[in-house]
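A short worksheet on the structure shown next.
Just follow the structure's listing: the first ligand is 1, and inside any ligand the first atom is 1.
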Amino acid sequence: MYDWLIVGAGFAGSVLAERLANERGERVLVVDRRNHIGGNAYDRYDKDGLLVHEYGPHIFHTNARSIFEYLSRFTEWRPYEHRVLGEVDGKLVPIPINLDTVNTLYGLNLTSDELESWFVKRAEVVNEINTSEDVVVSKVGRELYEKFFRGYTRKQWGIDPSELDKSVTARVPTRTSRDDRYFTDEFQAMPKHGYTRMFEAMLTHPLINVMVQTDYKDVRDLILHRKVIFTGPIDEFFEYRYGRLPYRSLRFEHITLQQEWSQPVGTVNYPQTQDYTRISEYKHITGQQHPKTSLTYEYPTAVGDPYYPIPRPENAELYKRYERLALAEQNVWFVGRLATYRYYNMDQVVGQALATFRRIQESVPTDVGRM
Ligand code: FAD
Ligand code: UDP
């Protein structure tokens with residue numbers, strides 16, 4: 001008899017498996033329907049020995065020291081600050097938009113103060129900022145919005161930024177300085193030996209068993225267990241009772257080139273051209289030295305594995321209905337990006353899983369139901 005059946009071996013499932021086994025001494029079975037652990041953060045060595053991220057580039061960043069320290073129990077780190085360029089009007093310029101972006105694009109020589117007024121002159125007055133269009137046009141005006149955000153967002157999400165919650169494009173700030181880092185978090189680093197090794201360290205415990213290529217629905221009635229932690233799509237758990245929650249998918253194309261480098265930074269975005277949104281070159285990110293180089297192209301799609309919850313009001317409403325069903329489940333805990341329908345980064349999922357663990361500690365006696 002397992003104390004816990006955990007569905008999904010990504011960040012949400014692995015953090016909880018580790019906590020429940022180490023802190024409560026409980027028996028845990030983790031199942032994942034994919035053929036590996038790590039969820040979307042899974043990385044692997046390709047046939048040339050280059051470390052690639054199977055589900056697109058994953059850059060770890062957080063402002064929460066406690067989350068960084070928690071993960072540091074399972075990995076060493078390589079300091080890394082991500083940089084992104086956008087191909088705009090035929091030029092490669094920094095994203096987020098900064099002083100160099102505007103000066104390069106328009107052939108100007110503005111100072112930071114001058115750029116501030118330049119933005120103010122172009123910014124549109126928006127009385128209430130609700131959408132992903134509002135956020136950007138109210139800061140930098142319509143022209144930069146169209147160059148950097150409209151096309152990329154339509155490609156990535158299949159809908160116009162005016163139909164997406166403001167939180168989506170608000171992920172990317174605007175700067176008047178020359179800071180060209182994609183993130184400004186206090187802790188920015190990559191697991192020294194990759195994410196998969198870090199997950200192995202979390203899940204290697206005498207009380208944790210892991211079964212991959214195993215779908216929850218195929219084992220839930222066969223394997224005796226007391227409680228469930230579910231980290232898959234919440235609508236799937238309830239057999240789409242209220243209809244499907246929309247998730248956006250991607251097709252990843254991984255290629256290896258017979259040359260040492262392909263692009264100047266970890267990621268290049270294509271907001272105006274191409275069917276893909278961005279190309280990432282892993283050696284910038286992992287620090288590997290190698291005569292060849294591996295890249296991933298991301299092609300957004302409507303069908304395929306669910307990767308992104310789509311933040312817009314009607315989806316939030318539908319999620320709320322599923323959440324009510326989830327709250328009524330006595331023995332099931334819903335955690336993670338798919339089960340709580342939140343556009344969360346890795347550190348936020350770790351934080352959510354640790355908070356769930358604290359709630360379990362408060363409400364579930366360790367020896368409940370033990371024979
Ligand atoms: P997942 O990693 O999705 O894990 C859920 C697991 O559950 C999956 O492995 C799935 O196979 C399994 N599962 C689902 N249903 C079942 C079932 N019925 N039976 C068995 N198994 C099941 N975050 C960052 O912080 N930085 C980044 O740079 C970054 N880049 C990203 C790039 C892309 C392209 C994507 C898609 C995401 C990115 N993220 C990034 C977000 C990050 O991937 C997530 O925050 C994190 O991986 C979510 O962890 P999770 O455990 O909630 O879900
Ligand atoms: N975005 C954009 N142009 C860019 C980069 C981002 O329009 O060059 C918008 C787009 O809607 C994207 C969102 O900002 O989905 C968030 O970008 P981020 O890089 O955080 O996306 P993720 O890494 O989560 O795919």
| said: Looking at Lys283 and Glu281, is any side-chain nitrogen of the basic one under 4.0 Å from a carboxylate oxygen of the acidic one? | reply: no
| atom 6 (C) of ligand 2: nearest protein contact (heavy atom, Å) | Val172 CG2, 3.7 Å
| request: May I ask you to check whether over 12 heavy atoms, not counting those of Glu116, lie within 6.0 Å of atom CD? | output: no
| said: On a heavy-atom basis, I'd like to know which of Ala9, Gly10, Gly8 is closest to atom 4 (O) of ligand 1. | reply: Gly10
| remark: the protein heavy atom lying closest to atom 19 (N) of ligand 1 turns out to be Tyr216 N, 3.0 Å
| task | State whether any protein heavy atom lies less than 4.0 Å from atom 53 (O) of ligand 1. | result | no
| message | Is any side-chain heavy atom of Lys227 closer than 4.5 Å to one of Val364? | response | yes
| Ionic contact status for Arg154 with Asp160, cut-off 4.0 Å | yes
| query | Is Asp235 salt-bridged to Arg244, going by a charged N under 4.0 Å from an acidic O? | reply | no
| message | Heavy-atom pairs closer than 4.0 Å: do any link ligand 2 to the side chain of Phe148, the backbone, both, or neither? | response | backbone
| field | Salt-bridge criterion met for Lys292 and Glu260 (N-O under 4.0 Å) | value | no
| Where is the nearest protein heavy atom to atom 22 (P) of ligand 2: which residue, which atom, and how far? | Tyr343 OH, 3.4 Å
| request: For Arg278, counting its heavy atoms only, list the atoms of ligand 2 lying under 4.0 Å from any of them. | output: 19 (O), 22 (P), 23 (O), 25 (O)
| field | For atom 8 (O) of ligand 2, closest protein heavy-atom neighbour | value | Asn269 ND2, 2.9 Å
| Heavy atoms from other residues, nucleotides or ligands near CZ of Arg142 exceed 12 (cutoff 6.0 Å) | yes
| query | In terms of side-chain geometry, is the basic nitrogen of Arg34 or Asp305 positioned less than 4.0 Å from the acidic oxygen of its partner? | reply | yes
| query | Are Trp261 and Tyr297 connected, step by step, through hydrophobic side chains (Ile, Leu, Val, Met, Phe, Trp, Tyr) whose heavy atoms are closer than 4.5 Å? | reply | no
| field | Aromatic ring pairing Phe238/Tyr322, orientation class (parallel under 30°, perpendicular over 60°, tilted between) | value | parallel
| task | Work out whether the distance between some heavy atom of Glu298 and some atom of ligand 1 is less than 4.0 Å. | result | yes
| message | If you measure every N or O of Thr169 against every N or O of ligand 2, does any of those distances drop under 3.5 Å? | response | no
| message | I'd like to know whether ligand 1 has Glu236 as a neighbour, heavy-atom separation below 4.0 Å. | response | yes
| Under a heavy-atom criterion of less than 4.0 Å, does Tyr308 contact ligand 1? | yes
| task | Tell me which protein heavy atom sits closest to atom 18 (P) of ligand 2, plus the residue, atom name and distance to 0.1 Å. | result | Tyr182 OH, 3.6 Å
| message | Just to confirm my output: which protein heavy-atom neighbour is closest to atom 21 (N) of ligand 1, and how far is it? | response | Arg33 N, 3.1 Å
| said: Just to confirm my output: which protein heavy-atom neighbour is closest to atom 20 (O) of ligand 2, and how far is it? | reply: Arg171 NE, 2.8 Å
| said: Using a 4.0 Å heavy-atom cut-off, which part of Phe60 comes near ligand 1: side chain, backbone, both, or neither? | reply: neither
| task | May I ask you to identify, for Ile95, whether its side chain, its backbone, both or neither come under 4.0 Å of ligand 2 on a heavy-atom basis? | result | side chain
| Looking only at heavy atoms of Thr214, does any of them come nearer than 4.0 Å to an atom of ligand 1? | yes
